[in-house]
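Start at 1 with the first residue, then count along the sequence.
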Amino acid sequence: MSGRHRGSGRRGISTSVIVVAVGVVLALLAVLGWFRLRDNIDNQATAAAETCVEGDTVLHIAADPLIAPALTELAEQWTDGGVRVIRDHCVTAEITAVDSLAAADTLGTDTWDPALGPEPALWVPLDTRMSARAADAIDGTPRSLATSPVVLAVPTDLGRALTTATVRWQDLPRLQNDPAAMRESGLDIWGTLGLALPTGTETHATTLALEAVTAATTGIGAGPVTLEQAATPAAITAVSTLALGADTLGAVGTTADTLAALGAHPDTAAPIHAVPVIEQQLHRALTDGQVRGLTGHLPIGVAPVVDFPTAVVDAPWVDETLARAAAEFTDYARRPEQAGILTAHGFRTADAVPEPAGELPLPRVDTVLAPADPTVDDVLVALRLAPVSPRKVTMVVDTSTSMGTSAGDGTRLTATAGALREAMRRASINSVMGMYVFADTPEGHRVAVIRDGLTAAKRAAMSSILDDIDLVDREPVYATLTAAYRDAVDNYDPGRPNSVLVVVDSDDPDEAAARDLRAAIDELSSPETPVRIDVVVLGDRTDPVLEQAAEATDGSLTVVDTTDPADLTDLLRKLTS
């Protein structure tokens, strides 16, 4: 037994030695493998570097400030695996945040504004509407990198109430200005909506919200909104109503400034209750803790969406290497595996949505509003800045034979008729209008159009009444104005600015009628019932009596040279809106 025991021990020792030896060999192989792998990596890097015979190149990317941080991450990841060699250049990417509208404006010229940063070979604006502004400076068709709908940033309680009330885009104008509309929707605790509409730099969400309201108001479905639709009375009234309400809220800055102000006071007592914002911007503000107590509400209807297109720049500073680098970076950034970076920054992609932030819902967007032409957005922004007010206007139009005097391609009467048609096309549907004209009656005048709400029929009547009217030999300017002014004061409307608008080219020799006019103004003018008299004199003369009447009622007198009917059109449009 003793011998067997010793033999067993020798076999155990031999096995141990073998195991140790194998371990040493494997370790040596691993070390040798690592050195070989390291040498291979070094050799590959050296080989790659040797192929960059043209040197280093920087792909400069101008990106909207909202997406610039996400693109910076993607650019860093693009070169994490080693240098990008494109046409014998070692390429890296650098991102510069640039306001989309500013970039569009400068790309539309032959030079790049250096104040915006380096000349870009790739541009990622906020949305397709922006890239369309510089279409001639883009090579190929831009491709969307990510999307985000426009929503209303609102206090959380208001957001829940708006959702319960199933508020639509076309409901916003009434909610903005009419407490009764808010009461009907169960929102009376908020008074009126208090929807801010910031304009200027980095406020494109306002423009897209106005697009959505216009599309919903005119019933055009997914659009796009056209110039003709944006110029309809319904659209003009809707946008103007929103703008007039927003103007009562006080000065606001950019969308980001307004969002911060709203987040600081998300309650009924604050003047601002809502602001259009890109969902991604609100998502990031909530995620980063910049604002609290807010949510996003997407009104029912076709949704305006920004799509962050990648546009390769076609400009003298972009050579073939940069163009190919821009295309390669675009392909890389649009791969499904990069979606995580984009959604982490609050964007939506074709396959993913961001993680929730606070109580911000991420509703499904069923139908996207087709992008409007940039000229449409310019019209909507201009209307936001100069809204059409609903007015009560009593017109007095000279229909004496002197209105047959030549003017432009027609007469003073046809010029007035054409200008009036344009004014009626733009006037608010909430306005009230009527017209007096001269006539062969004992009083010297008659009511040609009864003053009433500006329905479609009333608008048509005001637009066409002068087309076939008979001119008369009498010139009862003062008597007609006196009758119109007395009627306007007696039927004063406190809900609108009230005025009498006189378009005249004849001289009235009736001194007694002039005295009656002055006496009527002295008797009737009052701060409680202010009715201004605005006088438009056709030709190159003035009238002291009418000038005094305008001055006494805080109105205006303007002499218009009718050789250019456009001046008369602009003036009547202004005085009726």
Verdict with reasoning, T576 to L501, per side chain to side chain contact (heavy atoms under 4.5 Å, CB included): CA-CA 8 Å; T576 54; L501 171 57; 3.8 Å; yes
Please report the C-alpha distance between T375 and D373 in whole Å, then the side-chain angles of each, then the deciding distance to 0.1 Å, and finally whether the side chain to side chain donor-acceptor pair (under 3.5 Å) criterion is met. CA-CA 5 Å; T375 56; D373 186 87; 2.6 Å; yes
Passes side chain to side chain contact (heavy atoms under 4.5 Å, CB included), E211 versus L380? Steps please. CA-CA 8 Å; E211 260 192 50; L380 295 176; 3.9 Å; yes
Decide yes or no on salt bridge (charged side-chain N to carboxylate O under 4.0 Å, His left out) for D307 and R348, but give the supporting numbers first. CA-CA 9 Å; D307 59 349; R348 301 184 183 209; over 6 Å; no
What's the verdict on side chain to side chain contact (heavy atoms under 4.5 Å, CB included) for V536 and L571, showing C-alpha distance, side-chain angles and the deciding distance? CA-CA 8 Å; V536 177; L571 183 57; 3.6 Å; yes
Please assess T241 against N430 for the test side chain to side chain contact (heavy atoms under 4.5 Å, CB included), listing each intermediate value before the final yes or no. CA-CA 10 Å; T241 301; N430 296 321; 4.3 Å; yes
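Checked by atom type and distance alone, the side chain of Q176 pairs as donor or acceptor with a backbone atom of L195 at under 3.5 Å. Judged by distance alone, the side chain of D257 and the main-chain N or O of T254 form a donor-acceptor pair under 3.5 Å. Between the side chain of T237 and the backbone N or O of A234 there is no donor-acceptor pair closer than 3.5 Å. With hydrogens and angles disregarded, no donor-acceptor distance shorter than 3.5 Å links the side chain of H89 to the backbone of D56. Using modelled atom types, no side-chain atom of T96 and backbone atom of H60 make a donor-acceptor pair closer than 3.5 Å. Checking side-chain atoms of S185 against main-chain N and O of M182 turns up no donor-acceptor pair under 3.5 Å. Judged by distance alone, the side chain of T255 and the main-chain N or O of V277 form no donor-acceptor pair under 3.5 Å. Judged purely by atom type and a 3.5 angstrom limit, T232 has no side-chain atom pairing as donor or acceptor with the backbone of E228. The backbone N or O of T226 sits less than 3.5 Å from a side-chain atom of Q229, completing a donor-acceptor pair. The backbone N or O of Q280 sits less than 3.5 Å from a side-chain atom of S148, completing a donor-acceptor pair.
Residue L385 qualifies as enclosed at atom CG: its count of foreign heavy atoms under 6.0 Å is above 12. For D366, the CG atom counts as densely surrounded, since its 6.0 Å shell holds more than 12 non-hydrogen atoms of other residues, nucleotides or ligands. Within 6.0 Å of the CG atom in D288, the count of heavy atoms belonging to other residues, nucleotides or ligands exceeds 12. Counting non-hydrogen atoms of other residues, nucleotides and ligands closer than 6.0 Å to CZ of R425 gives a total above 12.
Contact check on R133 versus D378 returns a salt bridge, with a Lys/Arg side-chain nitrogen under 4.0 Å from an Asp/Glu carboxylate oxygen. With respect to the salt-bridge test (charged N to carboxylate O, under 4.0 angstrom), the residues R384 and D247 qualify. One finds no salt bridge joining K574 and D534 here, because no Lys/Arg side-chain nitrogen approaches an Asp/Glu carboxylate oxygen to under 4.0 Å.
A distance of 8.0 Å separates CG of L259 from CD of Q290, quoted to the nearest 0.5 Å. Rounded to the nearest 0.5 Å, atoms CZ (F329) and CD1 (I61) are 4.0 Å apart. If you take CG on D105 and CG on D113, they are separated by 10.0 Å, rounding to the nearest 0.5 Å. H297 contributes atom NE2, which lies 12.5 Å from atom CG of L360 (distance to the nearest 0.5 angstrom). To the nearest 0.5 angstrom, S428 atom OG is 9.0 Å from I236 atom CD1. Going from atom CZ of R324 over to atom CZ of R84 covers 13.0 Å, rounded to the nearest 0.5 Å.
V313 is not listed as a side-chain neighbour of D139, based on a closest heavy-atom distance of 4.5 Å or more. Taking 4.5 Å as the limit, some side-chain heavy atom of S240 sits within range of a side-chain heavy atom of L383. Proximity of L568 to D570: side-chain heavy atoms (C-beta onward) are nowhere separated by under 4.5 Å. With a 4.5 Å cut-off on side-chain heavy atoms, L152 and V275 do not count as touching. Between L322 and V58, every side-chain heavy-atom pair lies at or beyond the 4.5 Å cut-off. Two residues are said to be in side-chain contact when any heavy atoms from C-beta on lie closer than 4.5 Å; L575 and S556 meet this criterion. The side-chain heavy atoms of D88 and C52, taken from C-beta on, include no pair separated by under 4.5 Å. Side chains of V302 and W169 form no contact here, defined as non-hydrogen atoms less than 4.5 Å apart.
Annotation for A230 and V376: closest pair CB-CG1, 4.2 Å, computed over non-hydrogen atoms. Closest approach of G117 and W112 over heavy atoms only: O-NE1, 2.9 Å. Pairing each heavy atom of E355 with each of H283, the nearest pair is O-NE2, 2.6 Å. The two residues L126 and S100 have their closest heavy-atom pair at N-OG, 2.8 Å. In terms of heavy atoms, T349 sits closest to A339 at OG1-CB, 3.8 Å. Summarising the geometry of V91 relative to A325, their closest heavy-atom pair is CG1-CB, 4.0 Å, with the distance given to 0.1 Å.
Using cut-offs of 30° and 60° for the angle between ring planes, the W78 and Y332 rings count as tilted.
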